[in-house]
Amino acid sequence: MEPGPSAPSRARNADNTITPYLTTMAHFSSPFISTFLLIHLSAPIMANLGGSSLASQTMLLGREYYQTSFGEKYLVLAPIAIHTTSALVKRVIKPSRRITSLLTMTGYAVMILFLPVHFMTHRILPTSPEAPIYEVGPSELDYEFVKFGLQQWPWKSAFLYGGLVLFMGMHMVDGAVLLWNTYLAAGSSRGRVKDSPKKFWLSGMVSGMVVAGLAAVAVEAPLVFSSTAKRFESVFLSSWFYRL
């Protein structure tokens, strides 16, 4: 009777079975995240043309996609959770690239620092019904809120917005190239996108337009009542990042 496979061999076989599913989950959740980002970032880009007023209007239109009871759960948060979890589990059981790769480092920077702080500050903390926030509603949470943060904490806000946009843009472009080469240019060397710094020109251009739009918002005069400004301040100071 021949001996069965050893424990390490069985573990490797299990890893080889699970890994393709994790890869598929990470890849096919990406378009949902990219769609959300393109819609969400259109607001600060439009600020280059019409300031905070046009940015707020654009953001309110975008919320019809990503901030409904269905859209937020299933078109934004679920894809982000699937993408992050599958990538982390794959990293633990069978990493396919160096942790120092650009795709990995930008992903970790976004998920460990930039995205949690941004999501808590702009989505979770404003919903607190406690004094003195008193639940800042969606109609109040427009680009006047962003403007307030940029003017009261310029360096922290610039670091947070700039870092989030830059690292997310680089991660998205690098991931888009990976998906293109894996699925659309598979088996053809002619259609493959080479690993070149030129592929980040688009990311740099979009990031530059977003940052320029935020800069245009930051130099505008504030247009909120003092009572609302105090509620905005309480929201920001509820975040550990803005209390540093």
Side-chain angles (χ1 to χ4, degrees), residues 8 10-42 62 65-68 70-120 122-124 160-189 191-204 206-207 210:
R10 289 196 298 270
R12 284 194 298 271
N13 291 337
D15 292 348
N16 291 334
T17 302
I18 296 171
T19 299
Y21 292 103
L22 295 173
T23 301
T24 301
M25 291 168 64
H27 286 179
F28 281 89
S29 58
S30 298
F32 293 96
I33 302 173
S34 298
T35 301
F36 160 70
L37 286 174
L38 292 174
I39 295 172
H40 193 54
L41 294 179
S42 63
Y65 171 82
Y66 63 77
Q67 208 164 304
T68 63
F70 175 84
E72 186 170 40
K73 291 178 182 177
Y74 302 109
L75 300 180
V76 180
L77 296 181
I80 291 175
I82 292 170
H83 189 80
T84 305
T85 303
S86 57
L88 287 175
V89 173
K90 186 178 176 182
R91 165 62 55 183
V92 171
I93 65 173
K94 191 176 181 181
S96 58
R97 61 176 53 84
R98 300 188 311 275
I99 196 169
T100 56
S101 68
L102 185 65
L103 189 66
T104 302
M105 289 194 300
T106 53
Y108 285 164
V110 169
M111 292 309 302
I112 293 174
L113 175 61
F114 293 106
L115 183 58
V117 174
H118 181 77
F119 183 71
M120 287 297 297
H122 294 71
R123 186 70 184 98
I124 301 300
L160 181 62
Y161 291 129
L164 179 60
V165 171
L166 178 62
F167 284 110
M168 192 70 253
M170 295 174 70
H171 186 81
M172 186 168 68
V173 169
D174 208 25
V177 170
L178 174 65
L179 293 178
W180 175 272
N181 289 340
T182 301
Y183 297 103
L184 299 179
S188 173
S189 59
R192 294 177 64 84
V193 177
K194 296 181 180 180
D195 189 12
S196 168
K198 292 181 180 180
K199 67 184 179 182
F200 295 110
W201 285 1
L202 177 60
S203 174
V206 173
S207 299
V210 171

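Note: Asp174 CG to Met105 CE = 10.0 Å, rounded to the nearest 0.5 Å. Within the model, atoms CG of Leu75 and CD1 of Ile80 stand 11.0 Å from one another, a figure rounded to the nearest 0.5 Å. Here the CD1-CD1 distance, from Ile82 to Ile33, works out to 9.0 Å after rounding to the nearest 0.5 Å.
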Under the criterion side-chain contact (heavy atoms from CB on, under 4.5 Å), I'd like the reasoning laid out for Tyr161 against His118: C-alpha separation, chi angles, the key distance, then a yes or no. CA-CA 8 Å; Tyr161 291 129; His118 181 77; 3.9 Å; yes
| said: Under the criterion side-chain contact (heavy atoms from CB on, under 4.5 Å), I'd like the reasoning laid out for Thr85 against Met25: C-alpha separation, chi angles, the key distance, then a yes or no. | reply: CA-CA 9 Å; Thr85 303; Met25 291 168 64; over 6 Å; no
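Applying the ring-ring contact (aromatic ring centres under 6.0 Å, His included) rule to Phe28 yields the partners Tyr183; only residues at least two apart in sequence or on another chain are considered. Taking the side chain to side chain donor-acceptor pair (under 3.5 Å) definition, one finds that Ser29 meets it with His83, sequence neighbours left out. Under the side chain to side chain donor-acceptor pair (under 3.5 Å) criterion, Thr35 pairs with no residue, sequence neighbours left out. Every residue meeting the side chain to side chain contact (heavy atoms under 4.5 Å, CB included) condition with Phe36, not counting sequence neighbours, appears here in chain and number order: His40, Tyr66, Val76. Scanning for side chain to side chain contact (heavy atoms under 4.5 Å, CB included) contacts around Thr23 gives Thr19, His27, Lys90, with sequence neighbours left out. Residues passing the ring-ring contact (aromatic ring centres under 6.0 Å, His included) test with Phe119: none are found, sequence neighbours excluded. With sequence neighbours excluded, no residue forms a side chain to side chain donor-acceptor pair (under 3.5 Å) with Ser42. Considering only residues two or more places apart in sequence or on other chains, Ser34 meets the side chain to side chain donor-acceptor pair (under 3.5 Å) condition with none of them.
Nearest heavy atoms, Leu22 versus Ser86: O-CB, 3.6 Å. Shown here for Ser30 and Leu179, the closest heavy-atom pair between the two residues is CB-CD1, 4.0 Å. When every heavy atom of Tyr65 is checked against every heavy atom of Ile39, the shortest pair comes out as CD2-CD1, 3.5 Å.
A donor-acceptor pair under 3.5 Å is formed between the side chain of Thr24 and the backbone N or O of Pro20.
The salt bridge (Lys or Arg N to Asp or Glu O under 4.0 Å) analysis of residues 71-87, with sequence neighbours excluded, yields the pairs Glu72-Arg123.
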Mind listing the side-chain donor-acceptor pairs of residues 106-115 below 3.5 Å, one per line with the distance, residues two or more places apart or on another chain?
{"unit_1": "Thr106", "atom_1": "OG1", "unit_2": "Leu102", "atom_2": "O", "d": "2.7"}
{"unit_1": "Thr106", "atom_1": "OG1", "unit_2": "Leu103", "atom_2": "O", "d": "3.2"}
{"unit_1": "Thr106", "atom_1": "OG1", "unit_2": "His171", "atom_2": "ND1", "d": "3.2"}

